[in-house]
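Here is the structure we will look at.
Hydrogens, waters and symmetry mates are skipped; everything else that's a heavy atom, side chains included, is used. Given the structure is predicted, the values throughout are model-derived calculations rather than measurements. By convention here, the first residue in the shown sequence is residue 1. In listed order, ligands and their atoms are each counted from 1.
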Amino acid sequence: MKIQEIAIGYISIPLVTPFKTALRTVDSVNDLIVKITTDDGTEGFGEAPPTAVITGDTKESIEAAIRYYIAPAIKGMDLEDLPSVMEKMEHCIAKNTSAKAAVDIALYDLYAKLQKRPLFRLLGDGKSDKLKTELETDLTISVNDTEEMVRDSISAIEQGFRILKVKVGKGGEKDVERIREIRRAVGKDVVIRVDANQGWTREEAVSTIRAMEKEDLGIELVEQPVSYHDFKGMQYVTASVETKILADESVFSYEDAVRIMEEHGADLINIKLMKTGGIHEAVRICDAAEEHGISCMIGCMLESKVSVSAGAHLAAGRSIVTMADLDGPSLCREDPYRGGPKFSGSKISMQEEPGIGISHVPVEFVMI
Ligand SMILES: C[C@H](N)C(=O)N[C@H](CCC(=O)O)C(=O)O
Ligand SMILES: [Mg+2]
């Protein structure tokens with residue numbers, strides 16, 4: 001099957017509440033959607049968010065990378081030789097991981113449709129007994145005043161979430177207060193993950209995490225305590241606290257992941273398709289993590305159901321993925337799509353439709 005047409009469009013979905021991290025505040029998802037059609041008329045869909053503060057990718061740069069570099073490089077190629085298509089895409093332009101992810105997701109969607117199999121079954125690591133048909137995602141609690149975060153946490157529990165991903169990174173002592181009050185309000189059985197989004201210095205990270213340990217706040221993990229390029233800082237924090245440290249913004253590529261694993265820059269890794277440039281590189285990271293015995297999370301940026309579903313397929317297929325931060329659709333006020341995994345509160349149920357499963361994408365596409 002040859003790649004015949006590539007088209008792009010945009011989707012805009014308001015969020016239930018503003019999404020606030022140490023890095024940014026946003027109140028809607030505004031993502032590029034890509035549609036790729038093969039010469040037999042099969043369609044595959046992908047998505048990319050412009051998360052400029054993390055990936056460096058903007059709406060304009062994502063569109064330009066696809067229009068002027070990726071599309072001309074891969075049009076006409078045979079999808080059955082997927083590794084060659086991926087190699088061509090990787091080398092036609094450096095970085096631009098969100099643009100690559102959107103195209104990679106659409107290509108994997110098509111590839112699995114051509115095999116008439118759901119993507120998660122194709123991505124399985126051979127341990128068929130480990131394939132998951134249901135995932136549990138956490139829900140993000142934005143960083144705000146403590147009282148508001150407590151209210152949001154209680155509301156998340158009332159909606160059926162049992163795992164909270166609490167955003168901090170805005171003042172160490174204040175962050176300890178935030179987590180203390182949330183723990184007090186939700187009780188001891190709720191899992192609390194803490195994400196500092198690079199908001200602390202090394203010293204602040206260690207003293208803040210130790211304070212949480214001293215108060216026995218029961219934190220499952222702390223995500224990206226320090227700046228993404230402070231590798232020594234990541235090593236220092238990981239070695240200095242009992243709590244597990246999860247690398248997010250520090251790991252984009254396979255090489256980043258291997259360095260973190262071999263040089264103890266973190267205990268765990270958060271794989272996001274928008275950082276890896278899609279499923280192809282993400283699978284390589286899962287393979288390496290398996291070799292090193294390092295558990296992974298599959299996370300998402302502020303994305304809607306097309307690309308978050310692709311992340312769910314990867315999480316379901318790979319046994320080394322033990323945690324899901326795939327709450328993009330839950331943060332959106334509406335679901336404009338049809339088909340694909342079912343997102344119902346904290347539960348994500350995989351379906352047996354071929355490909356990723358998304359069948360209706362209400363976007364005006366323009367051929368490029
Ligand atoms: C949406 C997801 N739960 C999340 O928190 N992702 C962030 C980055 C999201 C963004 O700024 O778009 C993360 O894990 O750091
Ligand atoms: Mg994070």
Side-chain angles (χ1 to χ4, degrees), residues 13 15-32 47-59 62 97-98 101 135-144 149 152-153 156 161 163-170 175 191-200 205 219-228 234 237 244-252 256-257 260 265-276 296-312 315 323-333 343 345-346 348:
I13 309 174
L15 298 178
V16 178
T17 52
F19 178 82
K20 295 187 194 171
T21 73
L23 292 172
R24 66 184 192 137
T25 298
V26 213
D27 51 25
S28 58
V29 162
N30 288 294
D31 290 2
L32 175 140
E47 174 181 358
T51 320
V53 287
I54 297 177
T55 58
D57 300 328
T58 63
K59 178 174 178 262
I62 295 169
T97 51
S98 307
L135 305 167
E136 180 169 7
T137 179
D138 55 33
L139 186 72
T140 303
I141 305 299
S142 285
V143 58
N144 280 302
M149 293 177 76
D152 289 347
S153 301
F161 288 90
I163 313 174
L164 303 179
K165 166 154 165 162
V166 183
K167 295 291 186 181
V168 294
K170 293 223 163 197
D175 286 336
V191 175
I192 298 183
R193 298 175 176 157
V194 170
D195 189 355
N197 282 108
Q198 314 175 58
W200 294 325
I219 303 309
E220 182 196 31
L221 57 87
V222 172
E223 188 167 328
Q224 198 64 42
V226 299
S227 169
Y228 74 95
M234 287 294 283
V237 177
K244 298 270 183 241
I245 302 299
L246 178 143
D248 180 6
E249 288 94 323
S250 291
V251 174
F252 273 56
D256 295 339
I260 285 276
D267 303 292
L268 305 159
I269 289 178
N270 185 347
I271 303 172
K272 290 181 187 157
L273 300 181
M274 297 304 142
K275 296 185 296 172
T276 59
C296 296
M297 170 186 279
I298 299 290
C300 62
M301 304 292 183
L302 259 194
E303 300 161 40
S304 67
K305 206 175 142 185
V306 177
S307 51
V308 177
S309 295
M323 297 165 285
D325 171 34
L326 295 171
D327 59 348
S330 304
L331 302 172
C332 290
R333 206 174 271 282
F343 289 76
S346 63
I348 304 173

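- No heavy atom of Gly328 sits closer than 4.0 Å to any atom of ligand 1.
- Counting atoms of ligand 1 from 1 in the listed order, those under 4.0 Å from a heavy atom of Leu302 are 12 (O).
- Listed by number with element, the atoms of ligand 1 under 4.0 Å from a non-hydrogen atom of Asn197 are 13 (C), 15 (O).
- Considering backbone and side-chain N/O of Cys300, one or more are found under 3.5 Å from N/O of ligand 1.
- Within the 4.0 Å heavy-atom cutoff, Glu223 counts among the residues contacting ligand 1.
- Among the atoms of Glu249, no N, O or S atom is found under 2.8 Å from the Mg ion (ligand 2).
- Atoms of ligand 1 lying under 4.0 Å from at least one heavy atom of Thr140, given by number and element, are 2 (C), 3 (N), 5 (O).
- Angle OD2 (Asp248) to the Mg ion (ligand 2) to OD2 (Asp195): 180°, rounded to 10°.
- Among the backbone and side-chain atoms of Asp325, none of the N, O or S atoms lies under 2.8 Å from the Mg ion (ligand 2).
- For the atom pair OG1 of Thr140 and CG of Asp195, the computed distance is 8.0 Å after rounding to the nearest 0.5 Å.
- Set against the non-hydrogen atoms of Asp325, the atoms of ligand 1 under 4.0 Å away are 2 (C), 3 (N), 4 (C), 5 (O), 14 (O).
- Screening Thr55, Asp248, Asp256 for a side-chain hydrogen bond (donor to acceptor under 3.5 Å, both in side chains) involving Lys275 leaves a single residue, Asp248.
- Between Arg193 and Asp138 there is a salt bridge, since at least one side-chain N of the basic residue sits less than 4.0 Å from a carboxylate O of the acidic one.
- For Gln224, the closest heavy-atom approach to ligand 1 does not fall below 4.0 Å.
- Taking a 4.0 Å cut-off on heavy atoms, Asp195 registers as neighbouring ligand 1.
- Ligand 1 places these atoms under 4.0 Å from at least one heavy atom of Asp248: 13 (C), 14 (O), 15 (O).
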